[in-house]
Amino acid sequence: MNVRVGARRGAPVGDKPGPAAELRSGAHFADLAWLAWRQHRVVITTTVLVVAAVVVAALALATQANDLAARCDQNGCPPDFVDQRKALVTHARRLLLYGLPVLSGIVAVFWGAPLVSREYEQRTHLLVWLQDVSPRRWLVSKVASLGALVVLLYAVYGVATSSLVRGLKAIRETAVGGGDAIELVLQPFSTTFEAAPSLQVAYALFGFALGVAAGAVARRTLVAVAITLVGFAAVRYVIAEYPRVHFLPPLRRTRLLDAPVDTPPGGFSANVIMGGGHLDAAGNEIPTPAACFDDTGAIASECLRQHGVVSAFYDYQPVAREGTFQLIELGIYLVLTAVLAVVAWRRLRSATAF
Amino acid sequence: MNLKLAAGSDPATTDGRDTVLTVTGLGKRYRGGRDNTWALRDCSFTLPAGSVTALVGMNGAGKTTLLSILAGLLTPTAGHLTLPSTGQGGADGARIAFVAQEKPLYRYFSVADMLQVGARLNRVWDQERALRWLRRFDIPLDRACGRLSGGQQAQVNFAIALGSRPSVLLLDEPVSTLDPLARSEVTAELLTEAADTGMTVLLSTHVVGELVGVADHLLLLAKGRLLAAGEIDTLLENHLHYVGPRADVPPGPGQVVWASHTDNQSVFLVRLPETGPVPPVDAPWTTRPVTLEEFVLAQLKKVRTAGEGEA
């Protein structure tokens with residue numbers, strides 16, 4: 001029987017693997033990295049091009065901002081400074097406002113969500129998980145190789161956005177201008193906070209892990225994409241809106257009634273004001289008596305004193321804490337990423353027997 | 001997974017060949033379904049090394065469930081399967097390849113890319129063997145798999161499975177997507193490959209006619225239970241037809257598997273007692289041997305009539 005099959009090329013055919021049969025210790029990381037690249041090369045290339053374009057734009061704007069700031073000296077700024085600054089801030093704001101959340105969402109939706117779900121959907125898990133590589137090893141190698149690329153890509157992106165933020169801050173230092181949105185862009189604990197390379201990497205890794213876990217649970221690409229999109233947007237929005245400014249208890253500034261208001265370091269707009277009110281002699285917070293408001297909405301100090309108010313206060317989150325808060329947020333996202341990775345890993349373990 | 005390696009033991013089958021796979025009390029119940037039925041129950045059998053076993057059953061009998069458990073895709077609810085340890089988990093150990101019914105391939109990969117997937121993800125890879133198969137069936141190596149016909153996609157799946165040089169090849173409805181001419185060619189080539197390498201083959205089908213001359217062993221599955229298991233020749237030798245005038249009982253010894261009656265004729269398919277030769281029957285009764293197709297159909301009809309039956 002071997003004759004007929006072997007005759008075609010005269011190749012040795014027999015009971016034992018011929019010289020053509022290759023015997024190896026097993027699939028290496030490079031083999032699975034090749035598979036990841038071969039499977040996802042279109043979406044990888046597209047993402048790299050998009051990120052590269054945004055990085056180039058951010059770096060160009062940063063250079064422009066630094067050049068513009070350098071043109072001002074102690075005698076003031078050139079006459080066209082205000083117009084140029086306005087145009088630059090508009091572009092920078094658009095890039096930071098939309099670019100920061102959207103770019104990490106690309107990784108979540110287009111890299112993470114289809115990674116496992118498409119294998120189930122196109123039934124190719126029956127092929128790829130039944131070779132000599134276990135599904136878990138397949139998952140770890142694939143996530144590691146693509147994840148390394150995500151780290152690299154978004155670190156570069158974060159460096160570019162951070163340098164744009166530094167350029168904008170340099171412009172703000174010139175103290176000439178106004179009439180543009182620079183204070184809006186440079187709000188503390190907001191866009192500039194998220195522009196850090198470490199956080200950009202963490203957001204992208206979180207999105208990637210969320211997509212992979214959603215795909216492993218849902219096993220349908222469209223469902224996984226929907227879960228990922230909603231989940232990523234919700235987590236990013238909620239953490240940015242509520243807990244971020246509460247990572248540490250705010251600082252309090254107290255003044256006696258009628259004493260001048262003391263501003264926090266950097267001024268009010270550079271910090272986040274959390275609220276304020278009145279205190280009694282013992283330092284307890286008491287509600288501002290409604291009777292003390294006059295018709296114009298102003299408060300009469302004499303009235304307050306009669307109601308036992310001794311001092312006024314405001315709570316604020318100092319801008320100097322941004323670095324610490326960035327570390328805390330980084331930790332939160334890395335923990336979330338790890339939890340999602342375990343979910344995906346456990347899910348794949350139960351999907352196959354060995 | 002209850003995949004125990006029976007180190008040191010040398011389980012031999014009735015025909016003296018080594019077993020490559022032993023299945024004991026295997027059962028699978030799917031969770032979540034409203035009907036709490038077992039997709040597979042109390043399955044015990046052995047696969048002799050180098051045998052070609054046909055897994056036969058109607059649609060929904062549990063064939064894919066059984067193959068999926070053997071392939072390691074599903075964890076059984078009960079029972080376990082044993083592979084003899086012929087090596088320390090290395091390339092010498094039992095390696096199982098599974099060709100799924102869906103014949104899955106990456107749509108945007110070329111056929112050559114798919115072979116590279118097989119080469120990179122397996123400890124053993126025989127590129128020449130895989131290429132030979134593709135050449136044999138004129139599959140273009142540079143074409144994207146998504147643009148191949150269903151039959152061609154099946155051929156690429158076969159090539160990958162063969163290239164990995166498995167000791168056990170599991171095929172779920174292997175020829176269902178092939179045209180009649182390709183069916184017989186593929187079957188013949190698979191048997192050649194199996195014979196050349198001592199590979200054990202387990203293939204599922206619901207078309208009994210395709211099995212004649214292909215399989216030497218039979219696993220007959222209905223409603224998740226094993227109706228018959230063993231060497232086909234032995235099974236057929238142990239069964240007999242009695243044909244004669246209308247009667248309620250067969251004229252000779254044997255347990256009736258299936259009987260059919262017309263106004264003036266009765267046909268009994270019986271399972272002969274284990275001991276002693278069969279005494280000749282008196283005229284007008286005659287006996288005739290049982291074909292594989294008749295055997296399978298009789299067993300399945302019996303189950304359908306009885307609701308639940310045993311071989």
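Reminder, nothing fancy here: chain letters follow the sequence lines and each chain counts from 1. Just so you know, these numbers use all the heavy atoms, side chains as well, and skip hydrogens, waters and symmetry mates.
Taking 4.5 Å as the limit, every side-chain heavy atom of Arg38(A) sits out of range of all side-chain heavy atoms of Val117(B).
With a threshold of 4.5 angstrom between heavy atoms, Met199(B) does not approach chain A through any atom at all. With a 4.5 angstrom heavy-atom cutoff, Glu119(A) touches chain B only via side-chain atoms. For Asn157(B), the part lying under 4.5 angstrom from a heavy atom of chain A is the side chain only. Only the backbone of Tyr108(B) has a heavy atom closer than 4.5 Å to any heavy atom of chain A.
In Tyr106(B), the OH atom is crowded: over 12 heavy atoms of neighbouring residues, nucleotides or ligands sit closer than 6.0 Å. Residue Leu222(A) places its CG atom among 12 or fewer non-hydrogen atoms of other residues, nucleotides or ligands, all under 6.0 Å distant. Within a 6.0 Å radius of OH in Tyr98(A), other residues, nucleotides and ligands contribute 12 heavy atoms or fewer.
Of the residues considered (Val99(B), Asp113(B), Leu105(B)), Asp113(B) shows the highest number of contacts with chain A, using heavy-atom pairs under 4.5 Å. Comparing Leu130(A), Asp132(A), Val128(A), Leu32(A) by heavy-atom pairs within less than 4.5 Å of chain B, the highest count is held by Asp132(A). Interface remark: of the candidates Leu126(A), Thr124(A), Val42(A), Val133(A), Thr124(A) forms the most heavy-atom pairs closer than 4.5 Å to chain B.
Contact between Leu121(B) and Gln131(A) at its shortest, heavy atoms only, is O-CB, 3.6 Å. Across Ala30(A) and Arg120(B), no two heavy atoms sit closer than the pair O-NH1, 4.1 Å.
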- Message: Does Leu35(A) form a side-chain contact (heavy atoms from CB on, under 4.5 Å) with Phe109(B)? I'd like the steps, not just the answer.
- Response: CA-CA 10 Å; Leu35(A) 182 60; Phe109(B) 281 38; 3.9 Å; yes
